[in-house]
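Okay, structure first, notes after.
The first residue in the sequence is number 1, and the count goes up from there.
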Amino acid sequence: MMLHSPLALSLLLIAVTSNLAMAIKKEKRAPQTLSRGWGDEITWVQTYEEGLYQAKKSNKPLMVIHHLEDCQYCQALKKAFAENEEIQEMAQNNFIMLNLMHETTDKNLSPDGQYVPRIMFVDPSLTVRADITGRYSNRLYTYEPQDMIFLIENMKKALRLIQTEL
């Protein structure tokens, strides 16, 4: 019995430490604070300025999502956005992504007011695309959870407009 004990103990120790190491590795990947629930697989930029720089550098459009934590419409939109595979994939591969919980100093990002949620696109030429709007005339850049097909079309439009205008 005494013979097995050190061996069993060291095996147990190895099992525990390797599980702990795997848990730590997983832990490092999981919390993606910049996503704020909009999509953890997406690489998010931290500031509008960084977004503009990355858009210009990568020749991808910048997608800016304005939202607030305590806004029920933002929460509903976030859920629909995060659950839509096509949006997540396009956001991950074809766009520079930014979600903001405060206003930027760029007045071009609030052409019809500072409401949330609103989603705007900025061209790699650093032009805010005021021509890519949602379905509502009173809040041009707002989307609702049922508008995901429309948002996908606008994402595709933002990508198409780059190619045609360069």
Side-chain angles (χ1 to χ4, degrees), residues 22-58 60-162:
M22 288 190 324
I24 291 167
K25 261 188 192 147
K26 271 194 198 124
E27 193 55 41
K28 277 189 182 148
R29 177 72 186 106
Q32 229 255 36
T33 51
L34 290 178
S35 93
R36 298 185 181 97
W38 290 89
D40 288 334
E41 297 304 312
I42 297 168
T43 304
W44 297 88
V45 294
Q46 206 157 356
T47 62
Y48 183 55
E49 293 67 30
E50 184 190 347
L52 293 175
Y53 173 79
Q54 293 292 345
K56 198 175 176 90
K57 196 175 95 172
S58 66
K60 292 179 178 179
L62 168 64
M63 184 173 177
V64 184
I65 304 170
H66 287 93
H67 64 104
L68 291 171
E69 206 53 57
D70 56 358
C71 157
Q72 65 181 18
Y73 304 106
C74 300
Q75 293 299 337
L77 181 64
K78 181 193 297 189
K79 188 175 184 319
F81 188 97
E83 288 172 357
N84 187 298
E85 281 180 36
E86 190 174 357
I87 286 177
Q88 291 291 306
E89 190 184 328
M90 269 200 290
Q92 191 178 340
N93 299 319
N94 308 106
F95 287 85
I96 302 302
M97 297 296 296
L98 171 66
N99 69 73
L100 288 177
M101 299 201 325
H102 57 83
E103 281 301 327
T104 66
T105 51
D106 187 343
K107 295 288 171 250
N108 295 314
L109 285 178
S110 52
D112 66 337
Q114 298 187 337
Y115 52 86
V116 291
R118 72 180 190 278
I119 298 177
M120 297 194 70
F121 297 93
V122 184
D123 221 67
S125 67
L126 308 188
T127 310
V128 175
R129 300 298 321 210
D131 55 342
I132 302 179
T133 57
R135 298 188 314 156
Y136 309 97
S137 54
N138 60 334
R139 291 185 165 195
L140 292 176
Y141 307 99
T142 204
Y143 295 85
E144 294 186 338
Q146 64 270 24
D147 298 334
M148 292 305 97
I149 307 284
F150 201 76
L151 180 58
I152 289 168
E153 287 312 306
N154 277 347
M155 290 172 83
K156 289 177 179 171
K157 185 176 177 184
L159 292 168
R160 255 196 328 272
L161 289 174
I162 288 176

Separation of [Y] [atom2] from [X] [atom1] (nearest 0.5 Å):
X	Y	atom1	atom2	value
Asn84	Ile152	CG	CD1	4.0 Å
Gln92	Ile87	CD	CD1	13.5 Å
Met97	Trp44	CE	CH2	4.0 Å
Met120	Asn108	CE	CG	8.0 Å
Ile162	Asp123	CD1	CG	5.0 Å
Ser58	Ile96	OG	CD1	3.5 Å

(Q) Applying salt bridge (Lys or Arg N to Asp or Glu O under 4.0 Å), can you list everything that pairs with Lys78, at least two apart in sequence or on another chain? (A) Glu69

Nearest heavy atoms of [X] and [Y], plus distance in Å:
X	Y	answer
Tyr143	Pro117	O-CG, 4.1 Å
Ala82	Gly37	CB-O, 3.5 Å
Asn138	Asp112	O-OD2, 4.2 Å
Leu100	Thr104	CD1-CG2, 3.2 Å

Would you list the atom pairs, donor with acceptor, under 3.5 Å between side chains in residues 49-57 and any protein atom, with sequence neighbours excluded?
| unit_1 | atom_1 | unit_2 | atom_2 | d |
| --- | --- | --- | --- | --- |
| Glu50 | OE1 | Gln46 | N | 2.9 |

Under 3.5 Å, is there a donor-acceptor pair between the side chain of [X] and the main chain of [Y]?
X	Y	result
Arg36	Asn99	yes
Thr133	Leu140	no
Asn154	Leu151	no

Is there a side-chain contact between [X] and [Y], using heavy atoms and a 4.5 Å cut-off?
X	Y	answer
Arg129	Leu161	yes
Phe95	Phe121	yes
Val116	Thr142	no

Q: Could you name each residue pair satisfying salt bridge (charged side-chain N to carboxylate O under 4.0 Å, His left out) that touches residues 79-93, not counting sequence neighbours?
A: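 Found Lys79-Glu83, Glu86-Lys156.
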
Q) Any salt bridge (charged side-chain N to carboxylate O under 4.0 Å, His left out) pairs touching residues 95-108, not counting sequence neighbours? A) Glu103-Arg118

(Q) Consider side-chain contact (heavy atoms from CB on, under 4.5 Å). Of Arg160, Met155, Glu153, which one does Lys157 pass it with? (A)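 Exactly one option meets the side-chain contact (heavy atoms from CB on, under 4.5 Å) with Lys157, and it is Arg160.
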
Q | By ring-ring contact (aromatic ring centres under 6.0 Å, His included) - contacts of Tyr141 (at least two apart) | A |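 ring-ring contact (aromatic ring centres under 6.0 Å, His included) list for Tyr141, sorted by chain: empty.
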
Q: Please list, chain by chain and in numerical order, all residues satisfying ring-ring contact (aromatic ring centres under 6.0 Å, His included) with Phe81, sequence neighbours excluded.
A: Trp38

Q: Test side chain to side chain contact (heavy atoms under 4.5 Å, CB included) on Asp147 and Leu77 and set out the steps.
A: CA-CA 9 Å; Asp147 298 334; Leu77 181 64; over 6 Å; no

Q: Would you please test Gln75 and Asp70 for side chain to side chain contact (heavy atoms under 4.5 Å, CB included) and show each step?
A: CA-CA 8 Å; Gln75 293 299 337; Asp70 56 358; over 6 Å; no

Q: Might you work through the side chain to side chain contact (heavy atoms under 4.5 Å, CB included) test for Met63 and Ile119, ending with a clear yes or no?
A: CA-CA 7 Å; Met63 184 173 177; Ile119 298 177; 3.6 Å; yes

